[in-house]
Amino acid sequence: MPAPKNSFKQALADGQKLIGCWMSFAEGPVAEIMGTAGFDWLVLDGEHAPNDLRSIRDQLIALSASDSQPVVRVPIGEAWMIKQVLDAGAQTVLVPMVETGDQARELVRACRYPPEGMRGVGAAGGRATMFGSIPDYIATANDQICLLVQVESRAGLAALDDILSVEGVDGVFIGPADLSTDMGYKGDNTAPEVRAAIADAFSRIKAAGKAPGILGTTEESIQAFSDMGAQFLAVGIDVLVLAQAARKLSARWKQG
């Protein structure tokens, strides 16, 4: 029995447009609820949300019955972190702040078993192998791991072509908040210079045969990024979805 097929990775390779959402509650029951919403993919945010390995594992379990594919964002591109989330059952990993081709190459190695990489061969007792019930996991896992790298700085954009040349990088996610701040616009991704940089990056990513992705949190930004050609597009953050809906409900009924 081989490793489970990564339908998210296949959909990206097929050129499908995938709509997703960020998850920042770091709670299994919330992930289970989000898994019923119909999103193609859901990010388990290990960078800015209060996640640890156990909470990531619990959310992976909660989403196992959902058609929404989990994408685990690690806090930083460290091989040991990637190894842990892969062994916990993640098949798609998102790595922030990638700024060089060499860094991207090391991330590919972290996602793959030897001789192609350096992933530790110790998943027999973990969720990745369904606790040893997938006998051919090690022989087949490499092909089902999807690596997404975040380019979100001027340095990353300058090195984008080198990053795109790395075999094993399936998609490049542009981080609009960090990029706009690094460009001097303090998180304002609507600045014309920032929008032009994002559009140019999308074009280069698509030309290289990779999938471009991004997160939008307003109707305007979501539509703009969609029109630019974002292939995997996140359209909200669970915490903001709840906060905005709750505030609207409160305001509606307090008005009498």
Taking the side chain as C-beta and beyond, is there a heavy-atom pair between I82 and L86 under 4.5 Å?
yes
Quick check on D67: does its CG atom have over 12 non-hydrogen neighbours (other residues, nucleotides or ligands) under 6.0 Å away?
no
Would a 4.5 Å heavy-atom cut-off, applied to side chains only, mark V98 and V172 as touching?
no
Roughly how far apart are T217 OG1 and I222 CD1, rounded to 0.5 Å?
7.0 Å
Are the side chains of P96 and E152 in touch, meaning some heavy atoms are under 4.5 Å apart?
yes
To the nearest 0.5 Å, how far apart are CG in D238 and CG in L242?
8.5 Å
Where do I174 and I205 land on the side chain to side chain contact (heavy atoms under 4.5 Å, CB included) test, with the steps shown first?
CA-CA 10 Å; I174 302 298; I205 294 164; 4.1 Å; yes
When rounded to the nearest 0.5 angstrom, what is the spacing between OG1 in T100 and CG in L160?
12.0 Å
Is a salt bridge present between D87 and R57, judged by a nitrogen-to-oxygen distance below 4.0 Å?
no
Does either side chain, that of N51 or that of Q59, offer a donor lying less than 3.5 Å from an acceptor on the other one?
yes
Working to the nearest 0.5 Å, report the span between OG of S68 and CG of L18.
11.0 Å
Within the supplied structure, the quantity of interest is the number of heavy atoms (other residues, nucleotides, ligands) at a distance under 6.0 Å from M130 CE; does it exceed 12?
yes
Side chain to side chain contact (heavy atoms under 4.5 Å, CB included) evaluation trace for R105 with D162:
CA-CA 10 Å; R105 279 180 273 274; D162 192 16; 3.5 Å; yes
By side-chain contact (heavy atoms from CB on, under 4.5 Å) - contacts of N6 (at least two apart):
F8, K9, Q91, T92, Q144, C146
Validation row: R204, D200 side chains within 4.5 angstrom (heavy atoms):
yes
Could you tell me how the ring of F232 sits relative to the ring of W41: parallel (under 30°), tilted (30 to 60°) or perpendicular (over 60°)?
perpendicular
Side-chain touch I76/M97, heavy atoms, less than 4.5 angstrom:
no
Below 4.5 Å, heavy atoms only, C-beta onward: do M118 and E106 meet side chain to side chain?
yes
I want to check something: taking the side chain as every heavy atom from C-beta on, are I214 and P176 in contact at a cut-off of under 4.5 Å?
yes
Does E193 come within less than 4.0 Å of R154, counting only side-chain N to carboxylate O?
no
Determine, stepwise, if the pair R112 / E167 fulfils salt bridge (Lys or Arg N to Asp or Glu O under 4.0 Å).
CA-CA 12 Å; R112 295 184 173 185; E167 183 182 354; 5.0 Å; no
